[in-house]
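What you see below is based on every heavy atom in this structure, not just the backbone, and it leaves out hydrogens, waters and symmetry mates. Just so you know, these numbers come straight off a predicted model, no measurement behind them. A note on names: the letters A, B, ... follow the listed sequences, proteins ahead of strands, and every chain is numbered from 1.
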Number of protein chains: 2
Amino acid sequence: MSVKHCKTANTPDYVACDACKLSPICTPVNVGEHAYDFTGTMVKRRHFFKKGTFIFQQGDAASLIYAISAGTLKLLVHVKGSERVIDFRIPGELVDISSLNEGLHTYSAQALEDTYLCEIGKETLNDIASQIPQVQGRLMNVVNKELNSIQKSAMLLHGNVNSEEKIAAFILNLAWRYSLSGYSAAQFKLTMTRTDIADYLGLSKETVIRLFKKLQQAELIKIRGKQMTILDMDKLQHFVGIKLISSS
Amino acid sequence: MSVKHCKTANTPDYVACDACKLSPICTPVNVGEHAYDFTGTMVKRRHFFKKGTFIFQQGDAASLIYAISAGTLKLLVHVKGSERVIDFRIPGELVDISSLNEGLHTYSAQALEDTYLCEIGKETLNDIASQIPQVQGRLMNVVNKELNSIQKSAMLLHGNVNSEEKIAAFILNLAWRYSLSGYSAAQFKLTMTRTDIADYLGLSKETVIRLFKKLQQAELIKIRGKQMTILDMDKLQHFVGIKLISSS
DNA sequence: CGCGAGATTGAGTTCTCTCAACTTCTGTGG
DNA sequence: CCACAGAAGTTGAGAGAACTCAATCTCGCG
């Protein structure tokens with residue numbers, strides 16, 4: 001899988017389909033001597049959402065599941081009259097798979113930049129899956145991997161006590177996820193604001209800024225505006241105590 | 001579903017099978033005119049583990065999936081030479097379902113009290129599921145619900161910034177989960193130590209103790225040793241900003 | 001009954017937050 | 001293309017929350 005680089009203004013940096021977590025569903029299945037490709041009828045490809053728009057809102061009926069083709073999302077819940085960031089999603093990742101057997105979206109999703117999504121109708125997918133065991137199996141695999149991923153992220157971000165560890169964990173989690181989607185783990189763009197990151201980690205934005213600076217002065221990372229470069233993956237991982245990415 | 005109460009010394013307080021998250025697998029399936037019950041061959045029921053023993057260790061090969069019949073577990077990861085609590089499991093809940101398509105356990109599981117587990121071989125389960133669509137569908141449902149549950153817990157515990165909110169979220173999360181398994185949401189035993197709770201929430205044990213006391217003085221909870229009683233569910237939920245349990 | 005793990009309490013320190021001022025960046029309209 | 005306005009980012013100072021350390025208490029178990 002080739003490592004992908006920064007997007008240009010004109011051509012969105014679409015994730016490679018084979019690096020997308022929805023690819024098992026998009027790959028044609030062979031049943032007996034026939035090959036069925038459901039993507040034509042089932043998947044709406046690369047639906048455009050302008051920066052700032054909501055893909056769906058908490059409480060909306062959930063009829064589709066989404067995979068990000070290009071762009072990034074911020075997920076938020078409405079709590080006590082205000083909003084709180086609960087996660088981010090990057091290209092190749094799925095959005096709200098857990099709504100597969102639930103009726104309503106439990107959070108909102110907002111585009112952090114111009115974004116393209118692939119969409120599948122839940123109904124259609126479940127129908128086909130119930131009829132064709134191979135599709136069911138693949139869907140199971142997708143959901144299983146998602147479970148794993150969510151759990152791994154939760155472990156990483158949950159277990160780290162002080163702010164410095166939380167920040168390091170956040171950076172590494174993003175790095176790991178970018179690498180899973182075929183992008184560089186060592187260099188990526190933080191499409192969310194410092195305030196978003198702070199909100200997500202339960203810190204103040206000033207603390208986030210100060211710790212970015214501290215990690216930079218320790219030469220573990222380099223950060224210029226929204227551009228993040230990891231300089232010393234090993235030390236950063238040692239910080240967090242979990243090895244996700246093997247730095248050659 | 002009848003609400004269950006505290007266990008006695010002699011008879012373990014087994015969860016009702018129909019409240020167990022594994023019940024879809026344990027319920028016989030009808031295929032055509034035949035009914036198949038795999039539980040006899042597939043499920044090892046109520047395997048006993050003494051308090052303090054490990055069910056499995058991080059890095060062990062994962063060949064079984066577990067459901068708790070009676071007792072509670074603490075899940076931990078080994079990080080930087082020490083251990084960190086990442087979650088707890090109560091009767092009716094599953095343990096490490098995410099290992100279904102992975103080879104190794106990503107964390108350790110230790111019995112917090114004398115515990116009985118039901119076990120299913122992954123291989124067997126996957127084999128049967130791949131042959132019988134109905135089983136596959138049920139398994140899918142189990143995994144889906146698990147995904148939902150993990151996500152809901154993560155949302156609750158993640159989004160709450162200060163220590164008081166974290167503690168309230170922890171209490172409510174346990175209450176919610178006990179109610180799902182058919183026990184009282186308002187009264188249950190904290191089988192883990194204060195230190196375990198502190199470790200889990202990323203706080204010091206002194207802070208946990210002081211905040212329990214504070215919530216008690218505010219008459220939201222009553223806590224006597226390990227016995228937790230929720231006195232004002234509404235206020236507690238308002239604290240956290242999410243309504244999980246409807247208090248009549 | 002005595003031991004030891006766990007729980008509790010107090011005091012002082014450190015970390016993180018809040019508030020406020022200021023700078024930089026970004027996007028929009030002239 | 002520049003000017004401007006608003007959003008985002010940065011920095012410093014003081015306040016408050018949570019931590020650490022240490023002493024003491026309690027309870028379950030042998």
Side-chain angles (χ1 to χ4, degrees), chain A residues 7 9 50-53 72 74 82-85 88 110-114 159-170 189-218 221-228 239, chain B residues 6-9 50-52 72 74 82-85 88 110-114 159-171 189-218 221-228 239:
Chain A
K7 62 184 281 191
K50 195 170 159 54
K51 174 177 178 174
T53 57
T72 49
K74 139 173 118 171
S82 64
E83 294 178 337
R84 189 154 285 167
V85 178
F88 304 100
Q110 188 178 18
L112 285 169
E113 51 188 337
D114 286 356
N160 286 287
V161 181
N162 67 42
S163 302
E164 204 165 358
E165 287 174 352
K166 280 188 191 174
I167 293 276
F170 169 74
K189 189 178 165 193
L190 297 169
T191 58
M192 66 297 285
T193 67
R194 307 289 196 257
T195 304
D196 287 337
I197 298 173
D199 197 2
Y200 174 57
L201 295 175
L203 304 171
S204 71
K205 67 172 187 302
E206 293 90 338
T207 299
V208 169
I209 288 164
R210 286 176 184 126
L211 291 177
F212 274 161
K213 195 175 176 181
K214 190 174 174 190
L215 288 174
Q216 178 161 255
Q217 284 171 344
I221 62 170
K222 186 178 117 181
I223 183 161
R224 292 276 173 282
K226 294 199 168 296
Q227 198 62 33
M228 164 73 68
F239 227 102
Chain B
C6 311
K7 62 184 282 191
T8 61
K50 196 170 160 51
K51 174 177 178 173
T72 49
K74 139 172 118 171
S82 64
E83 293 177 338
R84 188 156 285 167
V85 177
F88 305 100
Q110 187 178 19
L112 285 169
E113 51 188 336
D114 286 357
N160 287 287
V161 181
N162 68 40
S163 302
E164 204 164 359
E165 288 173 352
K166 280 188 190 174
I167 293 276
F170 169 74
I171 296 169
K189 189 179 165 194
L190 297 170
T191 57
M192 67 296 287
T193 67
R194 307 288 197 257
T195 304
D196 286 336
I197 297 172
D199 196 2
Y200 174 57
L201 294 175
L203 304 171
S204 71
K205 68 174 185 301
E206 292 90 341
T207 299
V208 169
I209 288 164
R210 287 177 183 125
L211 292 177
F212 274 161
K213 195 174 177 182
K214 189 174 173 189
L215 288 175
Q216 178 160 255
Q217 283 170 346
I221 63 170
K222 185 178 118 181
I223 183 161
R224 291 277 172 280
K226 295 198 167 299
Q227 198 63 34
M228 163 74 66
F239 226 101

- Checking side chain to side chain contact (heavy atoms under 4.5 Å, CB included) for the pair A/L201/A/T207: CA distance, chi angles, key distance, verdict? CA-CA 11 Å; A/L201 295 175; A/T207 299; over 6 Å; no
- Rounded to 10°, the helix from C/dC1-D/dG30 to C/dG30-D/dC1 deviates from straight, judged by its five-pair end axes, by 50°
- Message: Between P on D/dC19 and CG on B/L211, what's the gap in Å once rounded to a whole number?
- Response: 9 Å
- Query: CD of B/Q227 versus P of D/dG28: gap in Å, rounded?
  - Reply: 12 Å
- Query: Given that B/V208 and B/K51 both sit by DNA chain D, which one's nearest nucleotide is further toward the 5' end?
  - Reply: B/V208
- Can you check the A/D114 CG to C/dT26 P distance for me, whole Å? 15 Å
- How would you list, by chain and number, every residue that makes a side-chain hydrogen bond (donor to acceptor under 3.5 Å, both in side chains) with A/T191, sequence neighbours excluded? A/T72
- Just wondering, more than 12 heavy atoms not from B/K226 lying within 6.0 Å of its NZ? yes
- Message: Distance check needed: C/dT8 P versus B/L203 CG, whole Å only.
- Response: 15 Å
- Message: Going by ring-ring contact (aromatic ring centres under 6.0 Å, His included), name the residues that satisfy it together with B/F88, two or more places apart in sequence or in a different chain.
- Response: B/Y200
- Task: Take nucleotides 5-10 of chain D nucleotide by nucleotide from the 5' end and write B, S or -, depending on whether a protein heavy atom sits under 4.0 Å from the base, only from the sugar-phosphate, or from neither.
- Result: ----SB
- Query: Which part of the nucleic acid, if any, lies within reach of B/S204 when heavy atoms closer than 4.0 Å are counted: base, sugar-phosphate only, or nothing?
  - Reply: base
- Side chain to side chain, B/F170 and B/L211, heavy atoms closer than 4.5 Å: no
- Taken to the nearest whole Å, CZ/A/R210 to P/D/dT11 is 9 Å
- Looking at residues at least two apart in the chain, or sitting in another chain, which of them share a side-chain contact (heavy atoms from CB on, under 4.5 Å) with A/Q216? A/I221, A/K222, A/I223, A/R224
- Rounded to whole angstroms, how far apart are NZ on B/K214 and P on D/dG16? 14 Å
- Query: Listed by chain and number, what are the side-chain hydrogen bond (donor to acceptor under 3.5 Å, both in side chains) partners of B/Q110, not counting sequence neighbours?
  - Reply: none
- Task: Calculate the interatomic distance between A/E164 atom CD and C/dT14 atom P; express it in whole Å.
- Result: 16 Å
- Task: Take atom CD1 of B/I167 and atom P of D/dC19, then tell me their distance rounded to the nearest Å.
- Result: 10 Å
- Task: Quick one: pull up CD1 in B/I167 and CZ in B/R210 and give me the separation to the nearest 0.5 Å.
- Result: 12.5 Å
- Query: Donor-acceptor pair, A/D114 side chain versus A/K51 backbone, under 3.5 Å?
  - Reply: yes
